[in-house]
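Just so it is clear: chains get the letters A, B, ... in the order the sequence lines come, proteins before strands, and each one is counted from 1.
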Amino acid sequence: MDLNFKMENIKRGTLEVVTEEELKDKIKKDKPIAYIGYEPSGSVHLGHAITVKKMIDLQNAGFKVKILLADFHAYLNGKGSLEEIEKISNYNKKCFRALGLSEDTEFILGSSFQTLEDYTHKIYELALSTTLTRAKRSMAQITRDSKDHKVAEVIYPLMQVLDMIFLNVDVALGGMEQRKIHMLARESLPRMGYEAPVCLHTPLLHGTDGSDKMSSSKENYIAIDDEPDVIRKKLQKSFCPQGQVEGNPVIEIAEHFVFTEDKTLLIERPEKFGGNLELNYKDLLEIYAKNELHPLDLKNSVIKRLIEILEPVREYLKSD
RNA sequence: CCCGCCUUAGCUCAAUUUGGCAGAGCAUCGGACUGUAGAUCCGAGGGUUGCUGGUUCAAGUCCGGCAGGCGGGACCA
């Protein structure tokens with residue numbers, strides 16, 4: 001793969017690359033390191049999968065991939081006891097592998113290095129140079145609840161910045177909600193004598209209820225290992241306004257999970273509704289926006305294809 | 001450490017001056033209407049009233065203790 005091809009592959013489907021020049025330099029390095037952190041979660045859903053797929057793109061472009069299983073972060077965010085969190089982090093690890101990450105992917109438990117003396121020391125250093133307002137602002141879209149704010153909430157972003165040092169990160173990937181922490185890292189790390197990481201941000205998938213973000217705590221997600229009839233039911237219930245492409249979760253699922261596999265989507269519909277159609281992504285947007293494709297026909301097609309696409313993931317997770 | 005206020009359904013809050021079967025809105029689920037969902041209309045489920053001890057025929061309500069939250073005061077070599 002040549003440089004431009006790698007760049008295009010990495011950029012595809014992201015909302016921003018900070019910065020493209022820096023990313024080019026990173027690609028030229030020998031075994032550059034790309035990282036993403038996840039708070040272990042009871043269910044790994046399509047929102048997670050978007051970022052995992054992007055990590056695979058990075059892997060294919062020659063990056064060494066490190067996945068941080070951020071148990072302490074989840075703990076600081078009120079997700080439960082460390083024991084509970086560690087248990088589901090093993091399940092998450094299997095989910096991420098099921099999505100197609102290669103064998104040399106490194107999974108690292110946050111607590112395995114986040115209590116090192118040097119790490120702790122640097123937390124204090126960073127705590128001294130970061131304003132409360134800045135730290136809280138960076139957490140606006142991440143923190144679990146919006147009142148009874150705990151000190152944990154501002155320790156969280158500091159740790160995330162330091163993780164990038166300890167994991168030797170060249171590129172940090174995250175959904176758009178991670179942006180402000182990433183920007184804090186880009187500003188803070190050089191001050192501490194380290195190179196700023198390149199930051200890649202993927203879009204957030206809307207919840208099946210049409211809300212801003214698919215989230216395992218809101219019952220508006222499709223898990224990567226949901227059984228076919230569960231996927232069917234959830235998609236049938238999905239918010240899907242006729243003719244509207246923006247913020248439409250069914251369209252988004254087609255974009256990020258169907259059209260990344262196939263060039264076209266086959267719409268099967270009865271003759272009385274116009275008969276079958278075969279659409280590429282661009283056609284889909286056009287025709288749907290013109291009200292020439294009924295939401296139910298779209299749903300049925302996406303349901304059928306998504307169930308097939310997630311089949312190997314389900315199988316992998318059922319095996320031992 | 002001291003004082004005051006607060007804690008009721010998943011969430012926000014009601015529950016008559018003076019103890020008498022714990023309610024509403026939102027959310028959830030179901031039905032109607034749309035060839036989807038949503039919106040709208042109709043209906044249903046949902047509770048150890050923070051925990052604990054007491055007073056009383058009867059306690060969300062009164063009294064004691066504990067926990068958590070909020071505010072103030074005090075201390076500050």
Legend entry - Rounded distance in Å - CZ (A:Phe273) to P (B:U34): 13 Å

Legend entry - Interatomic distance at P, B:C6 relative to B:G31, whole Å: 44 Å

Inset, instruction - Pick base, sugar-phosphate or nothing for A:Glu219, based on heavy-atom distances below 4.0 Å to the nucleic acid. - result: nothing

Legend entry - Complementary nucleotide of B:G4, counting Watson-Crick and G-U pairs under 3.5 Å: B:C70

Legend entry - B:G19 versus B:G71 - spacing of their C1' atoms, nearest Å: 30 Å

Legend entry - Atom-to-atom span, NZ of A:Lys234 to C1' of B:U36 - whole angstrom: 18 Å

Inset, instruction - For B:C5 and B:A27, measure between their C1' atoms and round to the nearest Å. - result: 29 Å

Inset, instruction - Starting from C1' on B:A39, measure out to CZ on A:Phe239 and report it in whole angstrom. - result: 10 Å

Legend entry - Spacing of A:Asp209 atom CG relative to B:C26 atom C1', expressed in whole Å: 15 Å

Legend entry - Pair A:Tyr38 and A:Phe96, ring centroids less than 6.0 Å apart: yes

Legend entry - Separation between the P atoms of B:G54 and B:G60, rounded to whole Å: 15 Å

Inset, instruction - Quick one: label A:Lys237 by what it contacts on the DNA or RNA (base, sugar-phosphate, nothing), any heavy atom closer than 4.0 Å. - result: sugar-phosphate

Legend entry - Nearest-neighbour nucleotide for the A:Gln242 side chain, B:U36, B:A37, B:G35 considered: B:U36

Legend entry - Side-chain heavy atoms of A:Phe257 within contact of A:Ile50, under 4.5 Å: yes

Inset, instruction - Would you kindly give the CD-to-C1' distance between A:Gln244 and B:A39, to the nearest whole Å? - result: 13 Å

Legend entry - C1' gap between B:A9 and B:G25, integer Å: 12 Å

Inset, instruction - Look through every strand shown and name the nucleotide pairing with B:U18 as Watson-Crick or G-U wobble, where both distances are under 3.5 Å. - result: none

Legend entry - Interatomic distance where CG belongs to A:Leu235 and P belongs to B:U36 [whole Å]: 16 Å

Legend entry - A:Phe166 and A:Phe113 aromatic ring geometry - parallel, tilted or perpendicular at 30°/60° bounds: parallel

Inset, instruction - Inspect the contact between A:Asp229 and A:Arg232 and indicate whether a charged nitrogen and a carboxylate oxygen are less than 4.0 angstrom apart. - result: no

Legend entry - Watson-Crick or G-U wobble mate for B:C41, both contacts under 3.5 Å: B:G31

Legend entry - A:Ile251 CD1 to B:U36 P, straight-line distance once rounded to whole Å: 17 Å

Inset, instruction - Nearest whole angstrom, please: distance from the C1' of B:U36 to the CG of A:Asn291. - result: 13 Å

Legend entry - Under 3.5 Å on both distances, the Watson-Crick or G-U partner of B:C26: B:G10

Inset, instruction - Write down the distance separating the C1' atoms in B:G64 and B:U28, rounded off to the nearest Å. - result: 40 Å

Legend entry - Min side-chain heavy-atom separation A:Met183-A:Gln178 under 4.5 Å: no

Legend entry - Any side-chain heavy-atom pair of A:Lys304 and A:Glu308 under 4.5 Å: yes

Inset, instruction - Sort out the partner of B:U36 for me: Watson-Crick or G-U wobble, both distances under 3.5 Å, none otherwise. - result: none

Inset, instruction - Please measure how far the P atom in B:U61 lies from the corresponding atom in B:U17, and state the result in whole Å. - result: 14 Å

Inset, instruction - Examine the base of B:G35 for any acceptor or donor lying under 3.5 Å from a partner atom in the side chain of A:Asp297, and report the outcome as yes or no. - result: yes

Inset, instruction - Can you tell me the pairing partner of B:C62 across any strand shown, Watson-Crick or G-U wobble, with both distances under 3.5 angstrom? - result: B:G54

Legend entry - Distance, C1' atom - from B:G47 to B:G53, rounded to whole angstrom: 22 Å

